[in-house]
Amino acid sequence: MFTITHRWQQARSGQLHTDHGLVPTPAFMPIATRGSLKHLANSDLTTIGNDIILANTYHLFLRPGIKVLKQVGGLHQFMHWTKPILTDSGGYQVFSLARLRLVSPDGVRFNSHIDGHEFFFTPELAMDIQAAIGSDIRMCFDYFPGYPANRAQVEESVRLTTNWAERCRAVHSVETSRERSLLFGIVQGSTWPDLRARSASELRAIGFDGYAIGGLAVGEPPEIMYHVLDATVPLLPAEQPRYLMGVGQPEQILQAVKRGIDMFDCVLPTRNARHGQVYVHTASQLVEQNLSLVHYTKLSLDNLSYQTDSQPLDPLCDCSTCTSGYSRAYLRYLFSVHEPLAARLATVHNVSFYIQLLRDIRINLALY
RNA sequence: GGGCAGAUGGCGGAGCGGUCAAUCGCACUUGGCUGUAAACCAAGCGACCUUUGGUCUUCGGGGGUUCGAAUCCCUCUCUGCCCA
């Protein structure tokens with residue numbers, strides 16, 4: 001169930017209800033692909049105030065596998081995480097592991113990126129795996145051909161995605177008698193407004209608990225992405241959650257919220273943290289308190305300029321990294337000597353930055 | 001005192017007459033990461049020139065052979081190992 005509590009022009013804030021609790025929206029979901037948010041313990045996420053994480057069907061299927069997931073009672077039990085989990089379907093891996101797969105109408109033949117083992121991934125299998133994981137929000141197995149793609153490829157992408165969405169819907173309807181999980185459809189169509197419209201229309205006809213927009217933030221200029229959102233969001237049900245998959249940079253999230261998006265996920269805060277790049281508020285923001293997180297920049301901690309910089313990463317941040325007295329100089333040093341603590345401290349900060357950003361957006365919807 | 005081996009760019013370490021401003025690794029500098037095959041990848045890393053490119057100074061010091069030397073010869077200095 002999804003309830004909208006506030007609206008401001010196209011933007012809205014609300015609550016997504018799941019068996020593992022409420023998710024205030026707009027929401028950002030940090031990525032725990034393999035059932036672990038890299039470098040963080042659950043207690044870190046609790047401290048940060050994170051409400052929901054994303055895990056990946058494809059990766060958890062390879063290891064630990066369906067059998068183990070069932071035996072240990074699902075991913076919540078396994079990783080001892082009590083809040084909601086959304087699972088991506090593996091559709092993104094069809095794209096990112098393109099060299100290791102072959103797409104057909106029935107499904108996708110994959111070779112494991114781990115040991116080369118071949119298997120056949122279908123919408124039904126994707127749903128079985130997500131059931132074994134026990135995720136609160138499950139995604140349909142979709143297909144998109146990358147960017148740029150020609151019209152024929154994108155039409156094929158929409159056709160397969162709709163067909164597979166029907167099959168996912170069928171499996172999900174049968175198996176969710178006891179547990180209540182939500183199933184989201186994924187709109188494809190790349191940059192063609194009419195194909196986006198066709199995809200949205202076909203998915204609405206099937207009926208889902210929420211609608212995701214996929215196939216964006218895959219190399220196209222941000223302006224193109226905003227245009228696609230302008231054309232696509234109005235075609236989605238007004239009272240149901242909308243999820244922009246894989247986005248993105250903080251300003252892209254702001255732009256998408258303005259256009260009516262409720263949910264986000266992205267590897268950037270976690271991956272960038274591991275790579276020594278941290279998001280911080282800029283000085284101008286100190287002056288314009290009201291505008292809060294609109295003003296930010298990214299620091300490359302390996303830059304020589306931080307060698308003796310005694311400031312915290314972000315004086316305006318209340319995360320444990322920034323309030324514990326760790327300096328930019330120390331973080332830079334830890335990265336330079338490859339101490340694991342560097343990635344941990346930076347990840348705590350970046351995830352906090354995103355969670356704070358979304359919290360501020362929810363509180364001050366009109367300001368953004 | 002004698003014998004042998006060796007000295008190459010910040011470090012390690014290739015090269016052993018021309019295609020060498022010198023493979024490679026590390027370090028260093030700067031970029032990039034968008035539903036995570038990513039604690040990763042890329043570029044740069046003697047000086048100067050606006051460039052595809054060009055010029056200049058380099059391979060312990062000095063001298064020599066050669067059209068041409070980091071590569072061959074002589075010598076000096078230093079280092080390591082062995083014998084006294």
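For the numbers below, each heavy atom of this structure counts, side chains included, while hydrogens, waters and symmetry mates do not. Chain A is the first sequence line, chain B the second, and so forth, proteins listed ahead of strands; every chain is numbered from 1.
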Inset, instruction - Identify, with sequence neighbours excluded, every residue that meets side-chain contact (heavy atoms from CB on, under 4.5 Å) alongside A:Q10. - result: none

Legend entry - P-based separation of B:rA21 from B:rG53 [nearest Å]: 14 Å

Inset, instruction - Return one dot-bracket line describing RNA chain B 5' to 3' (Watson-Crick or G-U wobble pairs, both distances under 3.5 Å; ( ) same strand, [ ] crossing, | another strand, . none). - result: ((((((((.[[[..)..(.....]]].(((((.......))))).((((...))))...[[[[[..)....]]]]]))))))).

Legend entry - side-chain hydrogen bond (donor to acceptor under 3.5 Å, both in side chains) involving A:D136 - partner list, sequence neighbours excluded: A:H20, A:H76

Inset, instruction - For nucleotides 29-36 of chain B, just jot down a letter per nucleotide in 5' to 3' order: B, S or -, based on protein non-hydrogen atoms under 4.0 Å. - result: SSSBBBBB

Inset, instruction - Could I get the full list of side-chain hydrogen bond (donor to acceptor under 3.5 Å, both in side chains) partners for A:Q311, not counting sequence neighbours? - result: A:D309

Legend entry - Rounded distance in Å between the C1' positions of B:rU75 and B:rU65: 15 Å

Inset, instruction - Could you tell me the separation between the CD1 atom of A:I48 and the CD atom of A:Q356, rounded to the nearest 0.5 Å? - result: 9.5 Å

Let me check something: any side-chain donor-acceptor pairs from residues 273-280 of chain A under 3.5 Å, sequence neighbours excluded? List them with distances.
unit_1: A:Q277; atom_1: NE2; unit_2: A:S300; atom_2: OG; d: 2.6
unit_1: A:Y279; atom_1: OH; unit_2: A:Q249; atom_2: OE1; d: 3.0
unit_1: A:Y279; atom_1: OH; unit_2: A:N272; atom_2: ND2; d: 3.0

Inset, instruction - Check salt bridge (Lys or Arg N to Asp or Glu O under 4.0 Å) between A:D44 and all other residues, then give those that pass, not counting sequence neighbours. - result: A:R344

Mind listing the side-chain donor-acceptor pairs of residues 114-122 of chain A below 3.5 Å, one per line with the distance, residues two or more places apart or on another chain?
unit_1: A:D115; atom_1: OD1; unit_2: A:S112; atom_2: OG; d: 3.2
unit_1: A:D115; atom_1: OD1; unit_2: A:H117; atom_2: N; d: 2.9
unit_1: A:T122; atom_1: OG1; unit_2: A:E124; atom_2: N; d: 3.4
unit_1: A:T122; atom_1: OG1; unit_2: A:L125; atom_2: N; d: 3.0

Inset, instruction - Give every residue pair that meets the side-chain hydrogen bond (donor to acceptor under 3.5 Å, both in side chains) criterion with at least one member in residues 86-101 of chain A, sequence neighbours excluded. - result: A:N56-A:Q93, A:T87-A:Q130, A:T87-A:S135

Legend entry - Pairwise P distance for B:rC28 and B:rC76, with rounding to whole Å: 42 Å

Inset, instruction - Describe the nucleic acid contact of A:I114 in one word from base, sugar-phosphate, nothing, applying a heavy-atom distance below 4.0 Å. - result: nothing

